[in-house]
Amino acid sequence: MPHHLMNLRNVPDDEADDIRALFEEHEVRYYETPPSRWGISMGGFWVHDDDEAERARALLDDYQARRLQAQREEYLARCQRGETGLWYQFRSRPATFLAALIAIAVILGLSLLPFIRLG
C-alpha cells in the first residue's frame, strides 16, 4: 500500500527541489503526484513499501528540522536588519502598501455600510 510522505500544497519550489535531491542522493524509490491547479488534490511524495517509507520519513524529518532552523535564523537576521514589519513594507513598496490600505478601507466601509445606515 502506498505511503504518503509529504503534501505538496503550498510547498515552495526550492523545498520540493531539495527533497527530490535528498531522495535521489539516498536512492529512495519514491514517486510524486503534482497538486492540482485548482487545489482539489494535494499532490505529494509517495513510496510503496513499508521499509522504504520508514527510511524516507527519517530523511524527511531530519531535512525538515534543518530547514526549520535555517529559516528561523534567516528570519531573525532579517529582523535584526529591519527587513520585517509594516514600516519596512511601506518603505520598500509605498504604492502597493497604500493601495492595499485603500482597498481594505473600501471593503470595510462597504461591509459596514448597511449596519451604519440602521442607526
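Predicted, not measured: the structure shown is a model, and the values here were computed from it.
Interatomic distance, R117 CZ to L112 CG, rounded to the nearest 0.5 Å: 12.5 Å. In this structure, M6 CE and L8 CG are separated by 6.0 Å, a value rounded to the nearest 0.5 Å. Note that the CD atom of E15 and the CG atom of L22 stand 11.5 Å from one another [nearest 0.5 Å].
Under the 4.5 angstrom side-chain criterion for Ile, Leu, Val, Met, Phe, Trp and Tyr, the cluster partners of L110 are I102, V106. Under the 4.5 angstrom side-chain criterion for Ile, Leu, Val, Met, Phe, Trp and Tyr, the cluster partners of Y31 are W46.
Pairing each heavy atom of G82 with each of R91, the nearest pair is O-NH2, 3.5 Å. Closest approach of P34 and S41 over heavy atoms only: O-OG, 4.3 Å.
For the side chain to side chain contact (heavy atoms under 4.5 Å, CB included) test, residues two or more places apart in sequence or in another chain that qualify with T84 are Y75, R78, C79. Residues that satisfy the side-chain hydrogen bond (donor to acceptor under 3.5 Å, both in side chains) test with R93, not counting sequence neighbours, are Q89. Scanning for ring pair (Phe, Tyr, Trp, His ring centres under 6.0 Å) contacts around H26 gives an empty result, with sequence neighbours left out. Evaluation of the salt bridge (charged side-chain N to carboxylate O under 4.0 Å, His left out) rule for R81 yields E83 as partners, not counting sequence neighbours. For D13, there are no salt bridge (charged side-chain N to carboxylate O under 4.0 Å, His left out) partners two or more places apart in sequence or in a different chain. Judged as a side chain to side chain contact (heavy atoms under 4.5 Å, CB included), and not counting sequence neighbours, the contacts of F90 are W87, P94, F97, L98. Annotation: side chain to side chain contact (heavy atoms under 4.5 Å, CB included) contacts of R29 (sequence neighbours excluded): D49, E52. Residues forming a side-chain hydrogen bond (donor to acceptor under 3.5 Å, both in side chains) with E74 (at least two apart in sequence, or on another chain): none. For the side-chain hydrogen bond (donor to acceptor under 3.5 Å, both in side chains) test, no residue two or more places apart in sequence or in another chain qualifies with Q71.
More than 12 non-hydrogen atoms from other residues, nucleotides or ligands lie less than 6.0 angstrom from CG of L113. No more than 12 heavy atoms of other residues, nucleotides or ligands sit less than 6.0 Å from atom CG of N10.
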Mind listing the side-chain donor-acceptor pairs of residues 56-64 below 3.5 Å, one per line with the distance, residues two or more places apart or on another chain?
residue	atom	partner	partner atom	Å
R57	NH1	L5	O	3.4
R57	NH2	L5	O	2.3
D62	OD2	R66	NE	3.2
D62	OD2	R66	NH2	3.4
Y63	OH	D18	OD2	3.0
Y63	OH	R67	NH1	3.4

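In terms of hydrophobic clustering, with Ile, Leu, Val, Met, Phe, Trp and Tyr side chains grouped at heavy-atom distances under 4.5 Å, M42 and Y30 are assigned to different clusters.
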